Structure formats: C-alpha cells, structure tokens
Amino acid sequence: MGGVPPRPREDPRPLKGVLRSFGYAWEGLAYAWRVQRNFRVEVALGLLALGLGLWLGVDLVPILLVAALVLSLELVNTALEALTDLASPVYHPLAKRAKDTAAAAVFLASLFALGLGAYLFLPALWARLGLS
C-alpha cells in the first residue's frame with residue numbers, strides 16, 4: 001500500500017533521509033530556475049560578478065557571500081509567494097504586504113551587492129585601465 005514517505009528526520013535510515021533532503025532542495029532550485037525570471041537574472045549577474053572579480057584580481061569571498069545572500073533571499077521570497085498564494089488565493093492586502101516585504105528583502109540585498117561591487121570593482125577597474 002502506498003503512503004506518504006517518512007520525513008527525512010524520521011527515516012530509520014539516516015543517510016537515505018539526508019540524501020532525500022538534498023533531492024528536495026535540488027527540486028526547489030530547479031523550480032526557482034524554471035519559473036522565476038529574477039532568479040535566473042541574479043544567477044547570471046552573480047556569475048558575471050565572479051568573472052569580473054577573477055579578471056580584476058579582487059577577493060572573491062565577498063562576491064560569493066553577497067551572491068549567496070541575494071540568491072538565498074530570492075528563494076525564500078519564492079517560497080513565501082507560493083505559501084501566500086496557497087493561503088490567500090484571492091487578493092488580500094495582507095497577502096500583498098507579505099509578498100512586497102519579501103521582495104523588499106531581495107531588493108535591499110541587491111542594493112548592498114551593487115554597493116559592494118562598486119567598492120571592489122571600480123578601483124581595480126580604474127587601475128586595470130590605467131585611469132588611477
């Protein structure tokens with residue numbers, strides 16, 4: 001008889017439960033990639049920033065951290081939007097506030113990433129182009 005599979009933390013075979021959790025996480029990433037244009041744009045911009053950082057010889061750790069922050073917040077925003085749509089399939093002002101606030105978190109992190117990029121890249125770019 002088919003049933004609901006055990007939750008990963010309740011699976012009597014712990015390694016299988018952990019692997020199943022990774023599979024669920026991968027499904028979430030694949031879903032976000034398929035349906036969220038902004039996620040794809042942010043991945044492309046993060047890769048562009050990493051490439052520029054390599055070319056300019058700047059420290060890649062801050063770039064990786066801020067890219068991870070933006071992408072993680074975009075995933076949380078996507079999850080919150082899905083839950084909000086489930087809980088409130090018709091328009092409700094509080095549902096709009098929840099979605100707008102989650103989007104604002106991504107926006108704020110993106111602005112921080114832009115500022116960090118300017119701080120890291122502009123001096124290195126000016127030096128590379130001989131303008132400093």
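Keep in mind the model is a prediction, meaning the values are calculated, not measured. Every heavy atom of this structure was used, including side-chain atoms; hydrogens, water molecules and symmetry mates were not.
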I need the [X] [atom1] to [Y] [atom2] distance, nearest 0.5 Å.
X: Arg40; Y: Leu45; atom1: CZ; atom2: CG; value: 13.0 Å
X: Phe107; Y: Phe112; atom1: CZ; atom2: CZ; value: 15.0 Å
X: Phe39; Y: Thr78; atom1: CZ; atom2: OG1; value: 8.0 Å
X: Leu69; Y: Leu116; atom1: CG; atom2: CG; value: 10.5 Å

Can a donor-acceptor pair be found, under 3.5 Å and without considering hydrogens, that links the side chain of [X] to the backbone of [Y]?
X: Arg34; Y: Leu29; answer: no
X: Arg128; Y: Leu56; answer: no
X: Ser88; Y: Thr84; answer: no

Review point. Please walk me through it: do Lys99 and Asp85 pass side-chain contact (heavy atoms from CB on, under 4.5 Å)?
Key: CA-CA 9 Å; Lys99 288 180 168 189; Asp85 289 344; 2.5 Å; yes
Between [X] and [Y], what is the shortest heavy-atom contact and its length?
X: Ala98; Y: Leu80; result: O-CD2, 3.6 Å
X: Ile63; Y: Gly53; result: CD1-CA, 4.1 Å
X: Ala105; Y: Leu73; result: O-CD1, 3.6 Å
X: Tyr119; Y: Pro123; result: O-CD, 3.4 Å
X: Asn77; Y: Ala102; result: OD1-CB, 3.1 Å

Review point. Taking atom OH of Tyr91 as the centre, does the number of heavy atoms from other residues, nucleotides or ligands within less than 6.0 Å exceed 12?
Key: yes
Review point. Taking it one step at a time, do Leu52 and Phe121 satisfy side-chain contact (heavy atoms from CB on, under 4.5 Å)?
Key: CA-CA 8 Å; Leu52 187 59; Phe121 294 147; 3.6 Å; yes
Check your understanding: Which residue pairs satisfy the side-chain hydrogen bond (donor to acceptor under 3.5 Å, both in side chains) criterion with at least one member in residues 42-68, sequence neighbours excluded?
Key -> none
Cluster overlap [X] with [Y], hydrophobic side-chain contacts below 4.5 Å:
X: Leu120; Y: Leu129; result: yes
X: Leu86; Y: Tyr31; result: no
X: Leu47; Y: Leu71; result: yes
X: Leu50; Y: Val58; result: yes
X: Leu48; Y: Leu122; result: no

Practice item. Show your working on side-chain contact (heavy atoms from CB on, under 4.5 Å) between Val106 and Ser110 and close with a plain yes or no. Key: CA-CA 6 Å; Val106 179; Ser110 298; 4.1 Å; yes
Check your understanding: Taking side chain as C-beta onward, heavy atoms only, is His92 less than 4.5 Å from Arg97?
Key -> no
